[in-house]
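A short worksheet on the structure shown next.
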Number of protein chains: 2
Amino acid sequence: MLWAMNPLTRRMRYPVRDSIRCFFGIMASFKGQAEYSVDSKGRIAIPARMRNALRPEANNSFTITRGFEQCILLFPMDEWERREAEIARLNTYRSEARSFVRTIMRWADETKMDGQGRIVVPKNLIEFAGLDSAVLIIGVLDRIEIWNPKTFAAQAEQEADYPAVAERIFEMGRDL
Amino acid sequence: MLWAMNPLTRRMRYPVRDSIRCFFGIMASFKGQAEYSVDSKGRIAIPARMRNALRPEANNSFTITRGFEQCILLFPMDEWERREAEIARLNTYRSEARSFVRTIMRWADETKMDGQGRIVVPKNLIEFAGLDSAVLIIGVLDRIEIWNPKTFAAQAEQEADYPAVAERIFEMGRDL
DNA sequence: GGAATGTTCCCCACTTTTCCCCACTCGCTT
DNA sequence: AAGCGAGTGGGGAAAAGTGGGGAACATTCC
(Lines give C-alpha, C1' and ligand atoms only; values in the text may rest on other atoms or scores of the structure.)
Protein backbone atom coordinates (compact mmCIF):
# COMPACT_ATOMS: atom_id res chain seq x y z
CA MET A 1 0.00 0.00 0.00
CA LEU A 2 1.13 3.54 -0.77
CA TRP A 3 1.04 6.40 1.69
CA ALA A 4 1.19 10.12 1.20
CA MET A 5 1.58 12.96 3.66
CA ASN A 6 -1.52 14.43 5.26
CA PRO A 7 -0.70 18.16 5.48
CA LEU A 8 -2.94 18.58 8.49
CA THR A 9 -1.14 16.23 10.76
CA ARG A 10 2.11 16.25 8.82
CA ARG A 11 2.15 12.50 8.95
CA MET A 12 2.14 9.86 6.31
CA ARG A 13 -1.45 9.00 6.90
CA TYR A 14 -3.05 9.41 3.51
CA PRO A 15 -3.73 5.97 2.12
CA VAL A 16 -3.81 6.07 -1.66
CA ARG A 17 -6.03 2.99 -1.75
CA ASP A 18 -8.89 5.05 -0.35
CA SER A 19 -9.53 6.70 -3.68
CA ILE A 20 -11.08 5.56 -6.92
CA ARG A 21 -10.43 6.31 -10.55
CA CYS A 22 -13.04 8.34 -12.37
CA PHE A 23 -13.38 10.22 -15.62
CA PHE A 24 -11.31 13.09 -14.31
CA GLY A 25 -8.56 11.10 -12.68
CA ILE A 26 -8.66 10.12 -9.04
CA MET A 27 -11.33 11.02 -6.55
CA ALA A 28 -11.68 10.42 -2.85
CA SER A 29 -13.81 7.56 -1.66
CA PHE A 30 -15.54 8.16 1.64
CA LYS A 31 -17.32 5.39 3.46
CA GLY A 32 -18.77 4.55 6.84
CA GLN A 33 -20.79 6.53 9.35
CA ALA A 34 -20.32 8.12 12.77
CA GLU A 35 -22.43 10.03 15.28
CA TYR A 36 -20.66 13.19 16.45
CA SER A 37 -21.62 16.34 18.31
CA VAL A 38 -21.94 19.97 17.26
CA ASP A 39 -20.32 22.31 19.75
CA SER A 40 -21.56 25.71 20.89
CA LYS A 41 -19.66 27.44 18.08
CA GLY A 42 -21.29 25.39 15.34
CA ARG A 43 -18.23 23.25 14.72
CA ILE A 44 -18.31 19.62 13.64
CA ALA A 45 -15.33 17.30 13.65
CA ILE A 46 -14.68 15.29 10.50
CA PRO A 47 -14.04 11.64 11.38
CA ALA A 48 -10.36 10.84 11.15
CA ARG A 49 -11.11 8.00 8.78
CA MET A 50 -12.60 10.43 6.25
CA ARG A 51 -9.90 13.04 6.81
CA ASN A 52 -7.36 10.44 5.84
CA ALA A 53 -9.23 9.76 2.61
CA LEU A 54 -8.81 13.38 1.52
CA ARG A 55 -6.37 13.96 -1.28
CA PRO A 56 -3.62 16.52 -0.61
CA GLU A 57 -5.01 18.56 -3.53
CA ALA A 58 -8.12 19.24 -1.45
CA ASN A 59 -5.91 21.29 0.85
CA ASN A 60 -7.98 20.30 3.88
CA SER A 61 -10.82 22.36 2.49
CA PHE A 62 -14.39 21.52 1.62
CA THR A 63 -17.21 23.19 -0.18
CA ILE A 64 -20.21 22.82 2.06
CA THR A 65 -23.71 23.00 0.60
CA ARG A 66 -27.22 21.67 0.93
CA GLY A 67 -28.28 18.33 -0.39
CA PHE A 68 -31.38 17.51 -2.40
CA GLU A 69 -32.65 15.87 0.74
CA GLN A 70 -32.69 17.67 4.08
CA CYS A 71 -28.99 17.21 4.78
CA ILE A 72 -25.66 18.98 4.34
CA LEU A 73 -23.07 17.93 1.79
CA LEU A 74 -19.32 18.29 2.02
CA PHE A 75 -17.25 18.06 -1.15
CA PRO A 76 -13.46 18.07 -1.04
CA MET A 77 -12.21 21.22 -2.72
CA ASP A 78 -10.72 19.46 -5.71
CA GLU A 79 -13.87 17.49 -6.33
CA TRP A 80 -16.08 20.57 -6.05
CA GLU A 81 -14.06 22.49 -8.61
CA ARG A 82 -14.87 19.88 -11.20
CA ARG A 83 -18.56 20.17 -10.43
CA GLU A 84 -18.43 23.93 -10.56
CA ALA A 85 -16.80 23.90 -13.97
CA GLU A 86 -19.70 21.79 -15.13
CA ILE A 87 -22.24 24.22 -13.70
CA ALA A 88 -20.47 27.16 -15.29
CA ARG A 89 -21.11 25.67 -18.72
CA LEU A 90 -24.88 26.10 -18.36
CA ASN A 91 -26.47 28.82 -20.46
CA THR A 92 -27.49 31.53 -18.02
CA TYR A 93 -29.58 33.33 -20.62
CA ARG A 94 -32.11 30.57 -19.96
CA SER A 95 -34.28 31.42 -16.98
CA GLU A 96 -34.46 27.88 -15.62
CA ALA A 97 -30.71 27.39 -15.70
CA ARG A 98 -30.21 30.79 -14.10
CA SER A 99 -32.47 29.90 -11.21
CA PHE A 100 -30.78 26.53 -10.81
CA VAL A 101 -27.26 27.98 -10.69
CA ARG A 102 -28.41 30.63 -8.25
CA THR A 103 -29.84 28.03 -5.92
CA ILE A 104 -26.76 25.82 -6.02
CA MET A 105 -24.30 28.62 -5.43
CA ARG A 106 -26.44 30.36 -2.86
CA TRP A 107 -26.13 27.51 -0.42
CA ALA A 108 -22.48 26.78 -1.13
CA ASP A 109 -19.67 28.03 1.04
CA GLU A 110 -16.02 27.23 1.45
CA THR A 111 -14.73 25.93 4.71
CA LYS A 112 -11.32 24.78 5.83
CA MET A 113 -10.58 22.41 8.67
CA ASP A 114 -8.93 23.87 11.75
CA GLY A 115 -5.96 22.30 13.45
CA GLN A 116 -8.27 19.80 15.12
CA GLY A 117 -9.88 18.63 11.90
CA ARG A 118 -13.15 20.47 12.46
CA ILE A 119 -15.21 22.64 10.16
CA VAL A 120 -17.57 25.49 10.95
CA VAL A 121 -21.02 24.94 9.52
CA PRO A 122 -22.77 28.15 8.37
CA LYS A 123 -25.89 29.03 10.32
CA ASN A 124 -28.20 28.88 7.34
CA LEU A 125 -27.17 25.29 6.64
CA ILE A 126 -27.57 24.27 10.27
CA GLU A 127 -31.05 25.65 10.03
CA PHE A 128 -31.76 24.01 6.68
CA ALA A 129 -30.73 20.57 7.91
CA GLY A 130 -32.39 21.12 11.28
CA LEU A 131 -29.25 20.20 13.18
CA ASP A 132 -29.05 20.29 16.96
CA SER A 133 -26.40 18.90 19.27
CA ALA A 134 -25.88 15.51 17.62
CA VAL A 135 -25.23 14.77 13.94
CA LEU A 136 -24.91 11.69 11.81
CA ILE A 137 -21.94 11.84 9.45
CA ILE A 138 -22.01 9.50 6.46
CA GLY A 139 -19.27 8.95 3.90
CA VAL A 140 -20.83 8.56 0.45
CA LEU A 141 -18.20 8.01 -2.21
CA ASP A 142 -17.12 11.49 -3.31
CA ARG A 143 -18.98 13.41 -0.62
CA ILE A 144 -19.69 13.49 3.10
CA GLU A 145 -23.28 13.89 4.25
CA ILE A 146 -24.29 15.43 7.57
CA TRP A 147 -27.75 14.64 8.92
CA ASN A 148 -29.81 15.22 11.98
CA PRO A 149 -30.10 11.59 13.19
CA LYS A 150 -33.85 11.98 13.65
CA THR A 151 -34.35 13.33 10.13
CA PHE A 152 -32.32 10.48 8.74
CA ALA A 153 -34.24 7.87 10.67
CA ALA A 154 -37.55 9.38 9.54
CA GLN A 155 -36.68 9.07 5.88
CA ALA A 156 -34.77 5.83 6.20
CA GLU A 157 -37.81 3.63 5.94
CA GLN A 158 -37.28 4.16 2.23
CA GLU A 159 -34.32 1.92 2.74
CA ALA A 160 -36.77 -0.84 3.40
CA ASP A 161 -37.05 -1.26 -0.36
CA TYR A 162 -33.29 -0.91 -0.75
CA PRO A 163 -33.10 -4.16 -2.75
CA ALA A 164 -35.99 -3.09 -5.00
CA VAL A 165 -34.41 0.29 -5.64
CA ALA A 166 -31.16 -1.39 -6.52
CA GLU A 167 -32.96 -3.51 -9.09
CA ARG A 168 -34.49 -0.41 -10.69
CA ILE A 169 -31.24 1.55 -10.76
CA PHE A 170 -29.27 -1.22 -12.34
CA GLU A 171 -32.05 -2.45 -14.59
CA MET A 172 -30.00 -1.96 -17.74
CA GLY A 173 -28.48 -5.23 -16.71
CA ARG A 174 -25.09 -3.88 -15.89
CA ASP A 175 -24.02 -5.29 -12.57
CA LEU A 176 -21.51 -3.43 -10.50
CA MET B 1 -1.79 26.59 -3.35
CA LEU B 2 -0.90 29.94 -4.82
CA TRP B 3 -1.65 33.23 -3.16
CA ALA B 4 -1.71 36.74 -4.53
CA MET B 5 -2.00 40.08 -2.82
CA ASN B 6 -5.42 41.58 -2.29
CA PRO B 7 -4.83 45.29 -2.90
CA LEU B 8 -7.72 46.20 -0.67
CA THR B 9 -6.40 44.71 2.51
CA ARG B 10 -2.77 44.60 1.39
CA ARG B 11 -2.59 41.01 2.51
CA MET B 12 -1.94 37.77 0.73
CA ARG B 13 -5.53 36.77 0.94
CA TYR B 14 -6.44 36.13 -2.66
CA PRO B 15 -6.52 32.39 -3.23
CA VAL B 16 -5.89 31.58 -6.86
CA ARG B 17 -7.81 28.34 -6.49
CA ASP B 18 -10.91 30.45 -6.00
CA SER B 19 -11.34 30.86 -9.70
CA ILE B 20 -12.38 28.47 -12.37
CA ARG B 21 -11.36 28.01 -15.95
CA CYS B 22 -13.88 28.97 -18.57
CA PHE B 23 -13.93 29.58 -22.28
CA PHE B 24 -12.20 32.92 -21.81
CA GLY B 25 -9.56 31.84 -19.33
CA ILE B 26 -10.10 32.22 -15.62
CA MET B 27 -13.14 33.68 -13.97
CA ALA B 28 -14.01 34.40 -10.38
CA SER B 29 -16.23 32.02 -8.50
CA PHE B 30 -18.60 33.67 -6.08
CA LYS B 31 -20.69 31.59 -3.77
CA GLY B 32 -22.73 31.86 -0.61
CA GLN B 33 -25.29 34.31 0.66
CA ALA B 34 -25.46 36.96 3.36
CA GLU B 35 -28.01 39.42 4.66
CA TYR B 36 -26.43 42.86 5.02
CA SER B 37 -27.72 46.33 5.62
CA VAL B 38 -27.80 49.42 3.44
CA ASP B 39 -26.60 52.41 5.42
CA SER B 40 -27.98 55.93 5.33
CA LYS B 41 -25.61 56.88 2.51
CA GLY B 42 -26.77 54.09 0.22
CA ARG B 43 -23.66 52.01 0.72
CA ILE B 44 -23.60 48.22 0.73
CA ALA B 45 -20.69 46.17 2.02
CA ILE B 46 -19.46 43.30 -0.15
CA PRO B 47 -19.00 40.15 1.96
CA ALA B 48 -15.34 39.42 2.66
CA ARG B 49 -15.68 35.95 1.15
CA MET B 50 -16.62 37.47 -2.17
CA ARG B 51 -14.03 40.24 -1.97
CA ASN B 52 -11.36 37.60 -1.54
CA ALA B 53 -12.60 35.81 -4.65
CA LEU B 54 -11.97 38.91 -6.76
CA ARG B 55 -9.02 38.75 -9.08
CA PRO B 56 -6.47 41.57 -8.83
CA GLU B 57 -7.28 42.43 -12.46
CA ALA B 58 -10.73 43.53 -11.33
CA ASN B 59 -9.02 46.38 -9.50
CA ASN B 60 -11.65 46.32 -6.75
CA SER B 61 -14.16 47.64 -9.24
CA PHE B 62 -17.49 46.36 -10.45
CA THR B 63 -19.88 47.09 -13.22
CA ILE B 64 -23.28 47.31 -11.63
CA THR B 65 -26.43 46.74 -13.64
CA ARG B 66 -29.92 45.31 -13.49
CA GLY B 67 -30.65 41.62 -13.69
CA PHE B 68 -33.25 39.77 -15.72
CA GLU B 69 -35.11 39.28 -12.49
CA GLN B 70 -35.85 42.13 -10.10
CA CYS B 71 -32.35 42.29 -8.65
CA ILE B 72 -29.04 44.10 -9.08
CA LEU B 73 -26.00 42.44 -10.64
CA LEU B 74 -22.37 43.12 -9.87
CA PHE B 75 -19.73 41.96 -12.32
CA PRO B 76 -16.03 42.26 -11.52
CA MET B 77 -14.48 44.72 -13.94
CA ASP B 78 -12.41 42.13 -15.77
CA GLU B 79 -15.37 39.81 -16.18
CA TRP B 80 -17.58 42.63 -17.45
CA GLU B 81 -15.11 43.60 -20.14
CA ARG B 82 -15.38 40.13 -21.59
CA ARG B 83 -19.16 40.36 -21.59
CA GLU B 84 -19.07 43.74 -23.21
CA ALA B 85 -16.90 42.38 -25.98
CA GLU B 86 -19.46 39.63 -26.46
CA ILE B 87 -22.32 42.10 -26.62
CA ALA B 88 -20.44 44.28 -29.08
CA ARG B 89 -20.33 41.39 -31.51
CA LEU B 90 -24.11 41.21 -31.78
CA ASN B 91 -25.60 42.20 -35.10
CA THR B 92 -27.09 45.64 -34.46
CA TYR B 93 -28.87 45.63 -37.81
CA ARG B 94 -31.41 43.41 -36.06
CA SER B 95 -33.85 45.55 -34.15
CA GLU B 96 -34.17 42.98 -31.37
CA ALA B 97 -30.43 42.92 -30.76
CA ARG B 98 -30.34 46.70 -30.87
CA SER B 99 -32.96 46.92 -28.17
CA PHE B 100 -31.20 44.30 -26.05
CA VAL B 101 -27.87 46.13 -26.17
CA ARG B 102 -29.51 49.45 -25.43
CA THR B 103 -31.25 48.10 -22.34
CA ILE B 104 -28.13 46.43 -20.97
CA MET B 105 -25.92 49.45 -21.40
CA ARG B 106 -28.53 51.89 -20.19
CA TRP B 107 -28.57 50.42 -16.71
CA ALA B 108 -24.86 49.75 -16.41
CA ASP B 109 -22.61 51.87 -14.25
CA GLU B 110 -19.16 51.54 -12.75
CA THR B 111 -18.47 51.48 -9.05
CA LYS B 112 -15.36 50.98 -6.98
CA MET B 113 -15.13 49.70 -3.42
CA ASP B 114 -14.04 52.10 -0.69
CA GLY B 115 -11.44 51.26 1.93
CA GLN B 116 -14.03 49.26 3.88
CA GLY B 117 -15.06 47.12 0.92
CA ARG B 118 -18.35 48.91 0.30
CA ILE B 119 -19.93 50.15 -2.89
CA VAL B 120 -22.43 52.91 -3.56
CA VAL B 121 -25.47 51.72 -5.44
CA PRO B 122 -26.98 54.21 -7.95
CA LYS B 123 -30.41 55.45 -7.02
CA ASN B 124 -32.13 54.19 -10.14
CA LEU B 125 -30.98 50.65 -9.41
CA ILE B 126 -32.02 50.86 -5.76
CA GLU B 127 -35.42 51.86 -7.05
CA PHE B 128 -35.48 49.14 -9.69
CA ALA B 129 -34.69 46.39 -7.20
CA GLY B 130 -36.95 47.93 -4.57
CA LEU B 131 -34.23 47.91 -1.93
CA ASP B 132 -34.74 49.26 1.56
CA SER B 133 -32.63 48.88 4.68
CA ALA B 134 -31.79 45.16 4.38
CA VAL B 135 -30.44 43.33 1.33
CA LEU B 136 -29.72 39.73 0.44
CA ILE B 137 -26.36 39.31 -1.28
CA ILE B 138 -25.87 36.12 -3.28
CA GLY B 139 -22.70 34.91 -4.97
CA VAL B 140 -23.60 33.29 -8.29
CA LEU B 141 -20.43 32.06 -9.98
CA ASP B 142 -19.28 35.00 -12.10
CA ARG B 143 -21.56 37.62 -10.59
CA ILE B 144 -22.94 38.93 -7.32
CA GLU B 145 -26.68 39.48 -7.02
CA ILE B 146 -28.31 41.95 -4.65
CA TRP B 147 -31.94 41.38 -3.73
CA ASN B 148 -34.57 42.77 -1.47
CA PRO B 149 -35.04 39.76 0.84
CA LYS B 150 -38.80 39.99 0.49
CA THR B 151 -38.64 40.03 -3.30
CA PHE B 152 -36.36 37.03 -3.23
CA ALA B 153 -38.55 35.07 -0.86
CA ALA B 154 -41.57 35.80 -3.03
CA GLN B 155 -39.98 34.23 -6.10
CA ALA B 156 -38.07 31.50 -4.31
CA GLU B 157 -40.84 28.96 -4.20
CA GLN B 158 -39.22 27.86 -7.45
CA GLU B 159 -36.68 26.26 -5.19
CA ALA B 160 -39.28 23.80 -4.07
CA ASP B 161 -38.70 21.78 -7.23
CA TYR B 162 -34.95 22.30 -7.11
CA PRO B 163 -34.25 18.54 -7.19
CA ALA B 164 -36.66 18.09 -10.11
CA VAL B 165 -34.99 20.87 -12.08
CA ALA B 166 -31.63 19.33 -11.36
CA GLU B 167 -32.80 15.99 -12.71
CA ARG B 168 -33.96 17.69 -15.89
CA ILE B 169 -30.80 19.73 -16.37
CA PHE B 170 -28.44 16.89 -15.64
CA GLU B 171 -30.63 14.23 -17.16
CA MET B 172 -27.61 12.21 -18.11
CA GLY B 173 -28.07 10.83 -14.62
CA ARG B 174 -25.04 12.24 -12.91
CA ASP B 175 -26.11 13.53 -9.53
CA LEU B 176 -24.85 16.80 -8.25
C1' DG C 1 -18.80 86.16 -9.26
C1' DG C 2 -19.33 84.45 -4.91
C1' DA C 3 -21.83 82.31 -1.23
C1' DA C 4 -24.88 78.58 0.09
C1' DT C 5 -26.18 73.93 -0.52
C1' DG C 6 -25.55 69.28 -1.69
C1' DT C 7 -22.85 65.17 -3.21
C1' DT C 8 -18.92 62.24 -3.38
C1' DC C 9 -15.15 60.13 -1.46
C1' DC C 10 -11.76 59.06 1.98
C1' DC C 11 -10.63 58.20 6.54
C1' DC C 12 -11.28 57.03 11.54
C1' DA C 13 -13.75 54.56 15.24
C1' DC C 14 -16.62 51.16 17.44
C1' DT C 15 -18.84 46.49 17.90
C1' DT C 16 -19.40 41.88 16.60
C1' DT C 17 -17.87 37.79 14.52
C1' DT C 18 -14.45 34.68 13.00
C1' DC C 19 -10.44 32.09 13.25
C1' DC C 20 -6.33 30.23 15.27
C1' DC C 21 -4.23 28.25 19.02
C1' DC C 22 -3.86 25.88 23.56
C1' DA C 23 -5.67 22.54 26.72
C1' DC C 24 -8.34 18.64 28.55
C1' DT C 25 -10.32 13.88 28.45
C1' DC C 26 -10.74 9.24 26.98
C1' DG C 27 -9.44 4.90 24.69
C1' DC C 28 -6.18 2.18 22.60
C1' DT C 29 -1.53 0.72 21.69
C1' DT C 30 3.15 -0.02 22.92
C1' DA D 1 2.09 3.01 32.84
C1' DA D 2 3.20 6.05 29.44
C1' DG D 3 2.37 7.82 24.96
C1' DC D 4 -0.31 8.88 21.14
C1' DG D 5 -4.33 9.81 18.39
C1' DA D 6 -8.96 11.34 18.45
C1' DG D 7 -12.88 14.05 19.95
C1' DT D 8 -14.30 18.20 22.64
C1' DG D 9 -14.19 22.86 24.88
C1' DG D 10 -12.80 27.58 25.28
C1' DG D 11 -9.77 32.07 25.27
C1' DG D 12 -7.89 35.80 22.72
C1' DA D 13 -6.10 38.19 18.64
C1' DA D 14 -7.42 39.54 14.17
C1' DA D 15 -10.73 40.45 10.71
C1' DA D 16 -15.22 41.91 9.23
C1' DG D 17 -19.40 44.75 9.40
C1' DT D 18 -21.32 49.24 10.57
C1' DG D 19 -21.69 54.22 11.48
C1' DG D 20 -20.26 58.77 10.90
C1' DG D 21 -17.10 63.06 10.40
C1' DG D 22 -15.10 66.11 7.26
C1' DA D 23 -12.41 67.60 3.08
C1' DA D 24 -12.86 68.13 -1.94
C1' DC D 25 -15.70 68.93 -5.64
C1' DA D 26 -19.84 70.19 -8.07
C1' DT D 27 -24.35 72.66 -8.39
C1' DT D 28 -27.62 76.13 -7.53
C1' DC D 29 -29.20 80.52 -6.17
C1' DC D 30 -28.68 85.31 -5.23
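Naming convention: chains lettered A, B, ... in sequence-line order (proteins, then strands); numbering from 1 in each chain. All values reported here derive from a predicted model rather than from experimental measurement.
For Gln116(A), whose side chain is taken as the heavy atoms from C-beta onward, the closest listed nucleotide among dA16(D), dG9(D), dA6(D) is dG9(D). With dC12(C), dG9(D), dC22(C) as the choices, the nucleotide that has an atom nearest any side-chain atom of Ser37(A) turns out to be dG9(D).
Inter-residue side-chain proximity for Ile137(B) and Pro47(B) is flagged as met; some heavy-atom pair is nearer than 4.5 Å. Side-chain contact between Asn124(B) and Arg66(B): absent, with no pair of heavy atoms (C-beta onward) separated by less than 4.5 Å.
Sorted by first and then second residue, the ring-ring contact (aromatic ring centres under 6.0 Å, His included) pairs with a member in residues 42-78 of chain B read Phe75(B)-Trp80(B); sequence neighbours excluded. The ring-ring contact (aromatic ring centres under 6.0 Å, His included) contacts involving residues 105-144 of chain B comprise Trp107(B)-Phe128(B), where partners must be two or more places apart or lie in separate chains. Residues in residues 131-150 of chain B take part in these ring-ring contact (aromatic ring centres under 6.0 Å, His included) pairs, two or more places apart or across chains: Trp147(B)-Phe152(B).
Taking Arg106(B) as the reference, nothing meets the side-chain hydrogen bond (donor to acceptor under 3.5 Å, both in side chains) condition, with sequence neighbours excluded. Residues passing the side-chain hydrogen bond (donor to acceptor under 3.5 Å, both in side chains) test with Gln70(B), sequence neighbours excluded: none. Asn148(A) meets the side-chain hydrogen bond (donor to acceptor under 3.5 Å, both in side chains) test with no other residue; sequence neighbours excluded. Listed by chain and residue number, nothing satisfies the side-chain contact (heavy atoms from CB on, under 4.5 Å) test with Ala153(A) (two or more places apart in sequence, or in another chain). With sequence neighbours excluded, the residues that form a side-chain contact (heavy atoms from CB on, under 4.5 Å) with Arg102(B) are Arg98(B), Ser99(B).
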Which donor-acceptor pairs under 3.5 Å do the side chains of residues 39-46 of chain B make with protein atoms, sequence neighbours left out?
{"residue": "Asp39(B)", "atom": "OD1", "partner": "Lys41(B)", "partner atom": "N", "Å": "2.9"}
{"residue": "Asp39(B)", "atom": "OD1", "partner": "Gly42(B)", "partner atom": "N", "Å": "3.2"}
{"residue": "Asp39(B)", "atom": "OD1", "partner": "Arg43(B)", "partner atom": "N", "Å": "3.0"}
{"residue": "Asp39(B)", "atom": "OD2", "partner": "Arg43(B)", "partner atom": "NE", "Å": "2.7"}
{"residue": "Asp39(B)", "atom": "OD2", "partner": "Arg43(B)", "partner atom": "NH2", "Å": "3.0"}

Give me, pair by pair, the N or O atoms of the protein and of nucleotides 4-10 of chain C that are less than 3.5 Å apart, along with how far apart they are.
{"residue": "dC9(C)", "atom": "N4", "partner": "Lys41(B)", "partner atom": "NZ", "Å": "3.4"}

Are any protein N/O atoms closer than 3.5 Å to N/O atoms in nucleotides 26-28 of chain D? If there are, list each pair with its distance.
none

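In this entry the distance linking CZ of Arg49(B) with P of dA15(D) reads 15 Å, nearest Å. Rounded to an integer number of Å, the gap from Arg51(A) CZ to dG5(D) P is 12 Å. The distance from atom CD1 of Ile46(B) to atom C1' of dT18(D) is 14 Å, rounded to the nearest whole Å. One atom, CG of Asp39(A), and another, P of dT25(C), lie 18 Å apart when rounded to the nearest Å. Rounded to an integer number of Å, the gap from Glu35(B) CD to dT18(D) P is 10 Å.
Overall, the helix from dG1(C)-dC30(D) to dT30(C)-dA1(D) carries an axis bend of 20° between its ends, with five pairs at each end and the value rounded to 10°.
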